[in-house]
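Structure record follows, encoded as structure tokens.
These numbers come from the heavy atoms of this one structure, side chains and all, not from hydrogens, waters or symmetry mates. Start at 1 and go down the list; that is how both ligands and their atoms are numbered.
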Amino acid sequence: MVPTISRIVQALEPSATMAMAAKARELKAAGRTVYDLSLGEPDFVTPQHICQAAVEAMEAGHTHYTPASGIPELKKAVAEQYRAAHHLEYAPEQVVISNGAKHALHNVFTVLLDPGDEVIIPAPYWVSYAELVKLTGAVPVVVQTRQEDDFKLTPGQLRGAVTERTKILLLCSPSNPTGSMYSPDELGALADVAIEHDLLVVADEIYERLVYEGHRFASFATVRPGLQERTILVNGVSKTYAMTGWRIGWTLSPANVAKAMGSLQSQQTSNPSSIGQYAALAAITGPQACVDVMLAEFARRREFVTRRIAEIPGFSCAEIGGAFYAFINIREHLGRSYNGVQIDGSSQWCLQLLDQQNVATVMGSAFGTEGYARVSFATSMENLEAAFGLIEEFVAGG
Ligand code: PMP
Ligand code: GLU
């Protein structure tokens, strides 16, 4: 017999970012030289002192189950980090350590959403948000933002999307996939609407430390008094410390939400990796110079990518305030034929770019917005230079 997959999982779209990266890897394994701008994963190695802390944790015997919601030292350090950086008071019990921020988001939705509840997600959105919401039986309500607004949700758009069933507003700033950032005032105006309609806000702050000159990050919970009671903050070590493989992320939330997530984890994954947690502890409590070094390199690449996008006819993107992505408007290049292949949508465009020019990007449609392609500049300058040359050639007619 062929086993039947549950309806809820049948409806799940696999992660397009992971799928494009897998395709690029396959082509590389088959011997092609591929310029991979698909995955948002820092190309740097995890800093030495963090790896060393993991070795020391193993040698000290920290190789067993930990409390389900994480080791007390790491929970305390996360709370202290938010206190020092944002003057927010969280008790360690309000922190839950998970297997990456993606798992943390899944936990948040699982403990808060019932079937039929609605979650407002501004598009373009990171590929996993809508799918993780759907897994709970709740409904993602996607609101298209506009490039003219730097892809930021306006209070009017938010108000227009709220219904009796809206439970959560999901925000990501700096944004994956656009790199745009809300100012504290813009967040404040959205917070007013959230308060008016009694919404919870899930603020994905995983790119908080990757912010470029001229931009300022504000944690959502700080932009109006009393917001902590309706806010769930999501963060982690993957992006800031080049630790994607260690799988450690976390939430800061109201105590009852944290308790529910701890119970969920106790049944679901037991605990995040003990060794990973000690490494994350070293990352956030140890020397921070490594973050500045990586940020300086990202800033150099951002400048290059911004310049190249401006140079290529028909291309444009929003100002990249943070993170390591550019969301390129390719609309002018759709509806054309490339080396005899007619290309009408972003998916075909990205697949043909990979097939014809060996450059991997991710289609805007996967982020809920057609007519765009995302490039990640978490890759070497050398790769970026070659890739943009090939992209330019592609749009010029191949
Ligand atoms: N949120 C956003 C916006 C992301 O881009 C990512 C990237 N993977 C995540 C959450 C999840 O990060 P991780 O699971 O590696 O901590
Ligand atoms: N968040 C990164 C990206 O968007 C890593 C892959 C993923 O988890 O989606 O490319």
Side-chain angles (χ1 to χ4, degrees), residues 12-25 36-44 46 70 74 78 96-109 119 121-133 151 170-182 202-211 217 220 232-252 265 269 272-273 276-277 279-280 283-284 298 320-327 350 360-369 372-379:
L12 185 77
E13 291 285 343
S15 164
T17 48
M18 305 297 259
M20 276 309 263
K23 244 186 227 311
R25 250 180 246 129
D36 189 0
L37 315 187
S38 66
L39 210 54
E41 152 159 87
D43 54 320
F44 308 110
T46 303
L74 181 56
V78 169
V96 175
I97 313 296
S98 301
N99 302 285
K102 193 183 280 190
H103 178 218
L105 283 158
H106 191 194
N107 283 342
V108 172
F109 298 142
V119 179
I121 307 180
Y125 52 76
W126 176 47
V127 293
S128 295
Y129 292 151
E131 298 309 308
L132 292 177
V133 167
F151 296 111
L170 179 49
L171 290 176
C172 179
S173 178
S175 157
N176 178 2
T178 66
S180 70
M181 282 189 72
Y182 290 89
V202 175
D204 186 341
E205 303 190 334
I206 194 143
Y207 295 103
E208 114 167 58
R209 302 279 295 279
L210 304 181
V211 170
F217 173 85
F220 181 80
I232 294 97
L233 302 173
V234 178
N235 215 318
V237 289
S238 283
K239 316 291 173 173
T240 312
Y241 302 98
M243 289 179 72
T244 46
W246 297 79
R247 310 307 305 129
I248 300 292
W250 47 75
T251 50
L252 299 94
Q265 274 192 189
T269 60
S273 146
Q277 290 186 72
I284 67 170
F298 284 134
I320 304 165
F324 34 59
Y325 306 103
F327 201 56
C350 291
T361 56
V362 185
M363 50 291 275
S365 54
F367 303 95
T369 306
Y372 291 81
R374 187 193 79 172
V375 298
S376 156
F377 50 90
T379 186

Give one line per pair: atom of ligand 1, protein atom, distance. Only N/O to N/O under 3.5 Å.
{"residue": "ligand 1", "atom": "1 (N)", "partner": "Asp204", "partner atom": "OD2", "Å": "2.6"}
{"residue": "ligand 1", "atom": "5 (O)", "partner": "Asn176", "partner atom": "ND2", "Å": "2.7"}
{"residue": "ligand 1", "atom": "5 (O)", "partner": "Tyr207", "partner atom": "OH", "Å": "2.7"}
{"residue": "ligand 1", "atom": "8 (N)", "partner": "Lys239", "partner atom": "NZ", "Å": "3.1"}
{"residue": "ligand 1", "atom": "14 (O)", "partner": "Ala101", "partner atom": "N", "Å": "3.1"}
{"residue": "ligand 1", "atom": "14 (O)", "partner": "Lys102", "partner atom": "N", "Å": "3.0"}
{"residue": "ligand 1", "atom": "14 (O)", "partner": "Arg247", "partner atom": "NH2", "Å": "2.7"}
{"residue": "ligand 1", "atom": "15 (O)", "partner": "Ser238", "partner atom": "OG", "Å": "2.7"}
{"residue": "ligand 1", "atom": "15 (O)", "partner": "Arg247", "partner atom": "NH1", "Å": "2.8"}
{"residue": "ligand 1", "atom": "16 (O)", "partner": "Ala101", "partner atom": "N", "Å": "2.6"}
{"residue": "ligand 1", "atom": "16 (O)", "partner": "Ser238", "partner atom": "OG", "Å": "3.2"}

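- Here Thr251 contributes atom OG1 and Glu205 contributes atom CD; the two are 12.0 Å apart, rounded to the nearest 0.5 Å.
- At distances below 3.5 Å, not a single donor-acceptor pair connects side-chain atoms of Lys23 with backbone N or O atoms of Ala360.
- Residues passing the salt bridge (Lys or Arg N to Asp or Glu O under 4.0 Å) test with Glu13: none are found, sequence neighbours excluded.
- The CE atom of Met363 sits 10.0 Å away from atom OG of Ser38, with the distance rounded to the nearest 0.5 Å.
- Counting only distance, with no hydrogens or angles, the side chain of Glu131 and the backbone of Ser15 share no donor-acceptor pair below 3.5 Å.
- Ring-centre distance between Tyr207 and Tyr325: below the 6.0 Å cut-off.
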With the criterion set at N/O pairs under 3.5 Å, what does the list of contacts between the protein and ligand 2 look like, atom names and distances included?
{"residue": "ligand 2", "atom": "1 (N)", "partner": "Trp126", "partner atom": "NE1", "Å": "3.4"}
{"residue": "ligand 2", "atom": "1 (N)", "partner": "Lys239", "partner atom": "NZ", "Å": "3.2"}
{"residue": "ligand 2", "atom": "4 (O)", "partner": "Trp126", "partner atom": "NE1", "Å": "3.2"}
{"residue": "ligand 2", "atom": "4 (O)", "partner": "Asn176", "partner atom": "ND2", "Å": "3.0"}
{"residue": "ligand 2", "atom": "4 (O)", "partner": "Arg374", "partner atom": "NH1", "Å": "2.9"}
{"residue": "ligand 2", "atom": "8 (O)", "partner": "Lys102", "partner atom": "NZ", "Å": "3.1"}
{"residue": "ligand 2", "atom": "9 (O)", "partner": "Thr17", "partner atom": "OG1", "Å": "2.6"}
{"residue": "ligand 2", "atom": "9 (O)", "partner": "Trp126", "partner atom": "NE1", "Å": "3.0"}
{"residue": "ligand 2", "atom": "10 (O)", "partner": "Gly40", "partner atom": "N", "Å": "2.8"}
{"residue": "ligand 2", "atom": "10 (O)", "partner": "Arg374", "partner atom": "NH2", "Å": "2.8"}

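- The CZ atom of Phe324 sits 8.0 Å away from the CG atom of Asn176 when rounded to the nearest 0.5 Å.
- Remark: Trp246 pairs with no residue by the ring pair (Phe, Tyr, Trp, His ring centres under 6.0 Å) rule, at least two apart or across chains.
- Between Phe327 and Phe151, a ring centre-to-centre spacing shorter than 6.0 Å is recorded.
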